[in-house]
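Naming: A, B, ... by sequence-line order, numbering from 1 per chain.
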Amino acid sequence: MAAEDFTPGLNFIRTIIEADIKAGKNGGRVHTRFPPEPNGYLHIGHAKSICLNFGLAAEYRGLCNLRFDDTNPGKEDVEYVDSIMADVGWLGFDWQDRLYYASDYFEQLYEFALHLIRSGKAYVCALTAGQIREFRGTLTEPGQNSPCRERSTAESLDLFQRMRAGEFPDGSYVLRAKIDMASPNLNMRDPVLYRIRRESHHRTGDRWCIYPMYDYTHPISDALEGITHSLCTLEFEDHRPFYDWALDQLPVPCHPQQIEFARLNLSYTVMSKRKLLELVDKAYVRGWDDPRLPTLTGLRRRGYTPEAIRNFAEIVGVAKRESMVDMALLEHCLREDLNKRAKRVMAVLRPLKVVISNYPENQVEELDAENNPEDPGMGTRKLPFSREIYIEQDDFREDPPKKFFRLSPGKEIRLKHAYYIRCVDVIKDTQSGEIKELHCTYDPESRGGWTQDGRKVLGTSHWVSAAQALDVEVRLYDKLLSVANPAGEKEEKDFMEYLNPASLEIVKNCKVEPSLVAAAPGDRFQFLRQGYFCVDLDSTSEMPVFNRAVTLRDSWAKIEKSQQVK
RNA sequence: UGGGGUGUGGCCAAGCGGUAAGGCAUCGGCCUUUGGAGCCGAGAUUCGUAGGUUCGAAUCCUACCGCCCCAGCCA
C-alpha cells in the first residue's frame with residue numbers, strides 16, 4: 001500500500017473533532033499544539049504526537065502551535081529546544097510564526113495566580129514538602145486540610161508577592177489551589193501551583209525565583225493560544241478535572257478540551273527519557289543520534305525518511321488502549337517508501353574474489369544497469385565489468401544445501417546486469433583450507449544477463465568489478481534490545497540486561513560499485529538484495545561509511561532457518 | 001481494598017443493535033535479470049468471562065476477572 005493512497009480511517013479523536021465542527025463549537029475552528037518539555041531529545045513516540053497534532057490541524061484546515069513547556073528550569077536546556085525544532089521541521093511540519101514558550105506567559109500566569117488568591121481559590125502554604133505529602137492522605141484515605149488553608153486573602157496575596165520578590169528561601173512556601181482535600185482524585189487535593197526555586201531559566205534567566213507547575217501552566221497556555229483540542233497522553237486523564245477547574249476559575253479567552261490518547265510503545269527498543277538518557281550517559285550508544293536509538297535524530301542518521309515515519313504514525317492509529325507496536329511495522333514503512341525512491345546499487349559486504357578465466361585480461365567493458373525497476377524514470381548507469389570481480393561470500397557454497405539457488409561448484413548463476421558464470425574451480429589456502437577465490441567461466445552470449453536459448457539459471461548475484469571497486473565501511477544495525485518487551489519477561493530485570501550485544505556490527509573493506517564516489521551524507525541507496533543503506537555523518541572521501549537502515553525481506557534466510565529447525 | 005482508564009486473531013486497529021474492515025507479521029501459490037518488489041489466497045463460528053434484554057448484541061444492561069495510571073514543590 002502506497003502512502004498516498006492510504007485513506008485515514010476515523011479514530012476517536014477525529015470523531016470528536018468532527019462532532020465539534022458539526023456542532024459549531026469553537027466556530028468550527030481546529031487549533032492544536034505540540035507541547036514538548038525541552039529536557040530531552042524527541043523520539044518516535046513524540047513523532048506520533050507531532051503527526052497527530054499537526055496532521056489533524058492540516059486535515060481540518062486549522063493550525064498547530066509549537067510550544068515549549070519550560071516551567072522546570074533545572075531540567076531544561078536550549079540544546080533541547082534547538083534539537084526539538086530541528087526534528088519537528090525535519091518531520092515536515094511548519095509552525096510558521098507560532099513558536100511559543102510557556103515561559104513567555106510567566107507574567108500572565110502570575111496575574112492569574114493573584115486572581116485565584118483574591119477569589120479565595122488559592123492560598124500560600126508553609127508546609128514542607130514532606131508535610132504536604134503526609135497531609136495529602138492516601139489512595140484510600142482522604143487528606144487533611146493544611147493549617148494555612150484558612151489564611152486570609154490579604155495575607156496570601158502579600159506572601160505570594162514576596163515569594164516572587166525573593167524574600168523567602170527555596171521550598172519555604174508554595175502557592176496551592178484550594179479545592180478539596182477529600183477528593184478521591186489526588187490531583188484535586190489542593191495541588192501546588194507555584195514553588196520557589198532559585199534556578200536560572202534558559203530563557204528568563206534570573207528574572208524569576210518562583211515557577212509555575214505544569215498542571216497550572218498548561219490549561220492557561222492552551223487557553224491563551226486559543227487551542228481548541230488539547231491532546232495529551234493517558235496519564236493526564238486524572239489531571240483533566242484540574243485542567244477544567246483552573247479554566248473555570250479564571251477569566252481566560254476560551255476553554256480548550258483536553259483529550260487523552262495512548263502513547264506509542266515499540267517492541268525491541270526503549271522510549272522513556274530516563275532510559276534513553278542512561279544509554280547515552282553511560283556511552284552504551286554513541287550519542288542521541290546513534291542509529292540504534294528510536295530518537296528522531298537517530299532514525300534520521302540511520303536512514304529513515306520523514307515520509308516513512310509520518311506514514312507509520314498514521315498507520316498505527318490512535319486509541320486509548322495501551323499497546324506495543326511491532327518494530328516490523330516501522331521497518332515495513334521505511335521499505336515501502338525507499339522501494340519507490342532509492343537508487344539500486346551493488347555492494348559486496350564480505351568479498352569473495354572471482355576470476356573469470358575465459359574473460360580477456362585487461363579488458364573492461366561498460367554495462368548498463370537500471371537505477372530502479374520500480375521507476376524507469378530514474379534512468380540507468382554504467383557498470384564496469386572485468387576479469388576479476390567480487391561476489392558475496394554468502395553467495396557461494398561448496399556444499400550447497402537444498403534450495404540453494406546460488407553459486408556452487410559446477411553450477412551456473414547470473415551476475416546481475418552482466419553475464420552468466422559457471423564455477424569451475426575452488427581455490428583454497430593450502431594451510432587453512434579457507435576458500436581464497438573462485439575460478440569461473442562466463443558465457444559471452446549472456447551479456448546483459450540473459451541468453452537467446454532462454455535457459456534458466458539458479459539465481460542472480462550482485463557483484464563488483466575488483467579494479468574499479470571502492471573500499472567502504474558498512475555499519476550493520478540490528479535491534480537495540482534482544483527481547484521485544486523487557487517488562488513482559490518472566491523475571492523482571494533492568495532493561496540494560498536486555499541490550500542486544502549484536503546491535504552494531506562494523507564491516508570494513510566492503511566493495512562497492514564506483515558510481516558511489518559521489519555519495520554524500522544522508523544519501524540513501526538500496527544495496528541490491530541486501531537492504532537500504534544511508535551514507536553516515538562520519539563518512540569521508542577517504543573512507544565512505546554506510547549505515548544499514550533496514551534489510552530487505554530475505555526469504556532465503558527463512559528457508560535456511562526452517563531447514564535448521566528440521 | 002479510593003479514583004480514573006482499558007479489554008476485538010501473534011501485533012496494531014475499525015466497528016457505536018443487523019449478523020467481525022484494514023495494516024503488520026505468519027503460512028500457501030503465482031510471478032520475477034534483486035530468493036527484492038508485485039500479485040492471488042488462507043486463517044477470529046467469534047469480540048476478557050458469565051448471565052440478561054432483543055427476532056437479532058462485539059455493540060444495550062448486570063456481575064465478575066485481567067491489565068494500565070494516580071499519593072513530585074516532574075512533565
Practice task
Kindly indicate whether a cation-pi arrangement holds for A/Arg414 with A/Trp450, taking the cut-offs as under 6.0 Å to the six-membered ring centre and within 45° of the axis.
Solution key: no
Handout entry: A/Arg397 to A/Phe404, cation-pi by 6.0 Å centre distance and 45° axis angle
Key = yes
Problem - Distance-only donor-acceptor test, A/Asp238 side-chain atoms vs B/rG3 base atoms, 3.5 Å - result: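 Indeed there is one.
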Handout entry: Carboxylate-amine/guanidinium contact A/Asp368 A/Lys382, below 4.0 Å
Key =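 The answer is yes: the pair qualifies as a salt bridge.
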Exercise for the section: Look at A/Asp170 together with A/Arg197 and state whether they make a salt bridge at an N to O cut-off of under 4.0 Å. Expected result: no
Please give, in whole Å, the distance from [N] [atom2] to [X] [atom1]?
X: A/Glu322; N: B/rC68; atom1: CD; atom2: P; value: 9 Å
X: A/Leu334; N: B/rG36; atom1: CG; atom2: P; value: 18 Å
X: A/Arg14; N: B/rG15; atom1: CZ; atom2: P; value: 11 Å
X: A/Arg321; N: B/rG9; atom1: CZ; atom2: C1'; value: 12 Å

Handout entry: Euclidean distance for P, B/rG51 against B/rA58 (whole angstrom)
Key = 14 Å
Exercise for the section: Could you work out the separation of B/rA25 and B/rG66 based on their P atoms and round it to a whole Å? Expected result: 35 Å
Handout entry: Nearest-nucleotide pick for A/Val316, side chain only, options being B/rC12, B/rU34, B/rA75
Key = B/rC12
Exercise for the section: Consider the side chain of A/Arg197, meaning its heavy atoms from C-beta on, and name the nucleotide among B/rC74, B/rC70, B/rG23 that approaches it most closely. Expected result: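 My answer, after comparing the listed nucleotides, is B/rC74.
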Handout entry: Along RNA chain B (nearest heavy atom to each residue), the more 5'-positioned of A/Leu329 and A/Glu37
Key =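 Comparing both residues, the 5'-ward one is A/Leu329.
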Exercise for the section: Please tell me which of A/Glu141 and A/Lys558 maps to the more 5' nucleotide of RNA chain B, matching each residue to the nucleotide holding its nearest heavy atom. Expected result: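 Checking each residue's closest nucleotide, the 5'-ward one belongs to A/Glu141.
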Exercise for the section: May I ask you to say what A/His239 touches in the nucleic acid, namely base, sugar-phosphate or nothing, with a heavy-atom cut-off under 4.0 Å? Expected result: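 Touches a base.
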